[in-house]
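Below, chains carry the letters A, B, ... as their sequence lines are ordered, and counting in each starts from 1.
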Number of protein chains: 2
Amino acid sequence: MPDAMTTTPATTAVDARTDTAADPSSSLLVRACRRSQGEGLPVWFMRQAGRSLPEYKRVRQGIAMLDSCARPDLVAEITLQPVRRYGVDAAIFYSDIMVPLKAAGVDLDIVPGRGPVVAEPVRDRAGLDRLVPREPGDLSFVTEAVGLLVAELGATPLIGFAGAPFTLASYLVEGGPSKDYARTKALMVGDPELWDDLCERLATLSAHFLRTQVDAGASAVQLFDSWAGSLSAADYTASAAPHSTRVLAAVADVPRIHFGVGTGELLGLMGEAGADVVGVDWRIPLGSASERLGPAYAVQGNLDPAVLGAPWPLVANRVREAIRSGASAPGHIFNLGHGVPPETDPDVLARVVDLVHAEGPGIRADALTP
Amino acid sequence: MPDAMTTTPATTAVDARTDTAADPSSSLLVRACRRSQGEGLPVWFMRQAGRSLPEYKRVRQGIAMLDSCARPDLVAEITLQPVRRYGVDAAIFYSDIMVPLKAAGVDLDIVPGRGPVVAEPVRDRAGLDRLVPREPGDLSFVTEAVGLLVAELGATPLIGFAGAPFTLASYLVEGGPSKDYARTKALMVGDPELWDDLCERLATLSAHFLRTQVDAGASAVQLFDSWAGSLSAADYTASAAPHSTRVLAAVADVPRIHFGVGTGELLGLMGEAGADVVGVDWRIPLGSASERLGPAYAVQGNLDPAVLGAPWPLVANRVREAIRSGASAPGHIFNLGHGVPPETDPDVLARVVDLVHAEGPGIRADALTP
């Protein structure tokens, strides 16, 4: 890894920006979402902002997660860090899926190394009424942070960020992260009326969170339904999709990326919920995912984050494979199949970005030539 | 839940046994594996022996997990407990996937609430040579336990138990349970020679463990590759399947069940590795799984264990759905999609068994009638 790559992040970032048009709405990322990217291949990483970056750890020192999300200056700085360092083709709004809940008054915390924790989980109607309000809270700190970011990012698009109702509900029902979502599913199956009321409230909060980001200047959005892959297609259709559809419908004026892990059986349904782009993890080649989705959807993904620790030539081969496989889709945004793991060496991500930018158009041109 | 159901477990067990032939090799379970079960539907549960049963907690008091697996009397008692209580159509050998490694001298422990933990994980060749021997250890305690069981079980078949090399390797490389298998995959992709050496040793130990159980009288086996679903089909084919194939080939004289979670993309490959029956989790209807597998394989599954906490009528509907969907497969063994969760109410499992026995043949007969 040459030192130059990490000592000149600003140059890299500027280079990437000049590759795109002056307006983020005609950026490579937005064009890929709209299925008109040509040979260009945008790249960004889920969780590019945050836990794997030393500059992030420095600015977060002594500041709790949810506090950091409520400080516009800090949100802007953390969101910009990976754009400066890597020259990625999009920024993703630094936040947490629980932020709109916290802003609405939900009593919860983010415990380091564990995740969102709720002291009194929702187990019945009284619990729901006690914990989750029907009205969104004040998100002026979001508006302010997005304003700062859009001014700074120029032509680089900002992707708005929110959690989907099913994934949010799983934390509120379990009380924290879960391996099997047993209480969540038991409530979902056992009391559909209470479940729908919970998810409607969460959809309102998430939709408002995304709408606020779009109104303030975000050029696209990504809805994270990280744990939807734990559901069968029948359960997803009956109990999760209708609520995600409501959230996505609230921001239909910008491209919408819809993401989950282990969602091979759900890809088509996640598209139909109102997405322009469907996230694909590493379990399925992008070409196969695109076949399942049909011509109306772009794909995003799908490098396995777990192989980032392998020797570089092997990582590079995987990157090239993903580019080749994604070329047959009507649109492809290069990304990982899930978030950047905390222990990732940022230099490896820098090399991935450089490789995608250097070789992506050539590989795509070869693949796109009949 | 009538009291009678839990106070007369012995009767239930005897009833179930008289449903099958006198010899476990012609039992309903074995016939389902061989795709000649007719309208009958065998049922058992992964992890039916163990953590969810009060009688298990009583006999395990003060005895460490790996110690309990090395005591033939205790292994036999724990294996028999769910057969007595539920009248299931098969016993599964009570053990742990790490038992053959421990017997071979691998320095590891099972930490309650966490799982297998290895103090000095395998990270390089020296680590491999230090940790994992090439020769199996003495498994006479297994032979003795199986002998006790076969004598006691009569016509009820005993399913032999072992972990697949990929899943075993993940514990040895990570040092314990993992969310993303990052070190495992980095080693697998980055040093295939070391990876194959590790998995060959693990295949030898697992094959010997299964062979010992079959030689002592087990009527079928199940190979647990619980975490294989974290791999793409390409990685599974290159790095996991060849080793599992070796294990399954060692016990080709009995029916072989091959199980993993989240393996929708791998079902065909798991069959081709040398299985008669492929385990299917709740993410795919059994009928669809069987279509992917083709006519040469039976299926096992696939009630979502997370819905066991829902009100009984809803659980019953799910059971009926799984029976209906499984009827189109050339063979169906009713089971959960993964292990019994620790907090499961045993009375619910008793009702599931009774429902499968009472309604299974009728639902299958309806579905099988052209």
### Query
In terms of heavy-atom pairs under 4.5 Å with chain B, which of Leu308(A), Val261(A), Leu314(A) leads?
Leu314(A)
## Note on the structure
Ordered numerically, the heavy-atom neighbours of chain A under 4.5 Å found in residues 184-191 of chain B are Lys185(B), Ala186(B), Val189(B), Gly190(B)
### Inter-residue atom distance Glu321(A).CD - Ser232(B).OG, 0.5 Å rounding
8.5 Å
### Query
Which heavy atom of Trp282(B) sits nearest a heavy atom of Ser230(A), and at what distance?
NE1-O, 2.8 Å
### Query
Please walk me through it: do Asp180(B) and His338(A) pass side chain to side chain contact (heavy atoms under 4.5 Å, CB included)?
CA-CA 10 Å; Asp180(B) 56 8; His338(A) 199 180; over 6 Å; no
### Task
Answer with side chain, backbone, both or neither: which region of Arg318(B) has an atom nearer than 4.5 Å to a non-hydrogen atom of chain A?
side chain
#### Entry: Interface residues of residues 115-124 of chain A facing chain B - heavy atom cut-off under 4.5 Å
none
### Message
With chain A as the partner, which of Pro285(B), Gly229(B), Ala233(B) has the greatest number of non-hydrogen pairs under 4.5 Å?
### Response
Gly229(B)
### Query
With chain B, which of Ser288(A), Ala310(A), Gly337(A) has the greatest number of heavy-atom pairs at distances under 4.5 Å?
Ala310(A)
### Task
Would you indicate whether the side-chain heavy atoms of Glu265(A) and Glu265(B) approach each other to under 4.5 Å?
yes
### Non-hydrogen atoms of Glu343(B) and Ala182(A) that approach each other most closely
OE2-CB, 3.9 Å
#### Entry: Choice from Asp281(B), Val307(B), Leu231(B), Asp304(B) maximising heavy atom contacts with chain A below 4.5 Å
Asp304(B)
### Task
May I ask you to decide whether Asp235(B) forms a salt bridge with Arg283(A), counting only side-chain N to carboxylate O separations under 4.0 Å?
no
## Note on the structure
Ranked by heavy-atom pairs below 4.5 Å to chain A, first place among Pro313(B), Pro311(B), Pro341(B) goes to Pro311(B)
### Message
Is it true that, when you exclude Lys57(B) itself, more than 12 heavy atoms of the residues, nucleotides or ligands shown sit nearer than 6.0 Å to its NZ?
### Response
yes
